[in-house]
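The sequence lines fix the lettering, A, B, ..., with proteins before strands; numbering per chain opens at 1.
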There are 2 protein chains.
Amino acid sequence: MRPFTQVIDQLRTAGLRPTRQRLALAKLLFENGPRHVTAEMLRSDAHDASIRVSLATVYNTLHQFTKAGLLREIVVDPTRSYFDTTTTEHGHFFHEDTNLLEDFEGDVKLTNLPAIPEGSKISTVDVIIRLSSKN
Amino acid sequence: MRPFTQVIDQLRTAGLRPTRQRLALAKLLFENGPRHVTAEMLRSDAHDASIRVSLATVYNTLHQFTKAGLLREIVVDPTRSYFDTTTTEHGHFFHEDTNLLEDFEGDVKLTNLPAIPEGSKISTVDVIIRLSSKN
DNA sequence: TTCACTGCAAATGATTTGCAAAGCA
DNA sequence: TGCTTTGCAAATCATTTGCAGTGAA
């Protein structure tokens, strides 16, 4: 679990005021271990916790947190964006039948990596193992 | 390059009639080596080649070809779906500044793969290296 | 003839945007 | 006070869908 004062610091560093909405969403995101959320999931959580936030603000906040380095966007589903509270490099399982996104246990090693095209540098490396039900 | 009669066979096997539109789109897709297309790119190519196809048919065709195993959908961009004419396992470079998708040269080896959750089986493994401009 | 296929236009659904009101420094 | 931030509603945009007309077997 990420220390919460650190979250506030990172907001400050990013020039983001620690508003009621941002703090409440940060708590939902970071207070209970790693999470993978969509905007709709987070809005729903906020609603359940009696936090008044508009969906537009949820979207804004997710993107601001991502830019500030608090979240990482994971592109796995063409219809929805997922945000991961774990920002270090790691792989994902995506359960295609439940739309559930899950972190890997161990860390994957990539060997025989091709040469990076001239003039480009690696931004991130995504490793996604898509799973379907065995039956 | 994929032999074209094979494409027609695969359509037949999938129960898809080789209509004018499907054959024309198949030619655009498979006649000139590996490609990575979005629906809009393919519609634009068709237009340039004076092929009359509606955008809805382009979408239908891309999905039908994917289900028939002629294409592979690559999820890299939250705003657009890409389809790859190479259906064997391989990794991708995604140029974030140009939205260009490119196949890897060599083949990547994944080691230290985690255990697959009980009751699930691997559908596909996606390896995407996101690139940004060095400057 | 029959059923699959196509094209059009409308519907959908996630995300973004404009802008006035409210909040933080 | 002055600049952010929020919330609402409208706008956007890729994609899907309904359905009447067209085409292949």
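In the model, A/H95 has a side-chain atom that pairs as donor or acceptor with a side-chain atom of A/E102 under 3.5 Å. For the 3.5 Å distance criterion, the side chains of A/S120 and B/K134 fail to qualify, holding no donor opposite an acceptor. A donor-acceptor contact closer than 3.5 angstrom links the side chains of A/E96 and B/S123.
Taking five base pairs at each end of the helix from C/dT1-D/dA25 to C/dA25-D/dT1 and finding the rotation axis that steps the C1' atoms of four pairs onto the next four gives two axes whose angle is 30°, to the nearest 10°.
Considering A/T88, A/T86, A/D126, A/T85 as possible partners of A/R72, the one that fulfils the side chain to side chain contact (heavy atoms under 4.5 Å, CB included) test is A/D126.
Between the CG atom of B/L11 and the C1' atom of C/dC5 there is a distance of 13 Å, rounded to whole Å. Protein atom CZ of B/R43 is 16 Å distant from nucleotide atom P of D/dT16, rounded to whole Å. Atom CZ in A/F65 sits roughly 11 Å away from atom P in D/dT5 (whole-Å rounding).
Between B/Y82 and B/H92, the distance separating the two ring centers is not shorter than 6.0 angstrom.
B/R22 contributes no side-chain N or O that, together with a main-chain N or O of B/Q64, makes up a donor-acceptor pair within less than 3.5 Å.
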Which parts of nucleotides 13-25 of chain C does protein reach within less than 4.0 Å, heavy atoms only, written one letter per nucleotide 5' to 3' as B for base, S for sugar-phosphate only and - for none?
-> -SBBB-----BB-

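Residue pairs that meet the salt bridge (charged side-chain N to carboxylate O under 4.0 Å, His left out) test with at least one member in residues 53-70 of chain A, sequence neighbours left out, do not exist here.
Residue B/T57 has a polar side-chain atom (N or O) positioned under 4.0 Å from OP1 or OP2 of C/dG7. For D/dT6, neither phosphate oxygen OP1 nor OP2 lies less than 4.0 angstrom from any side-chain nitrogen or oxygen of A/R52.
Taking a cutoff of 4.0 Å between a charged side-chain nitrogen and a carboxylate oxygen, A/D45 and A/R35 qualify as a salt bridge.
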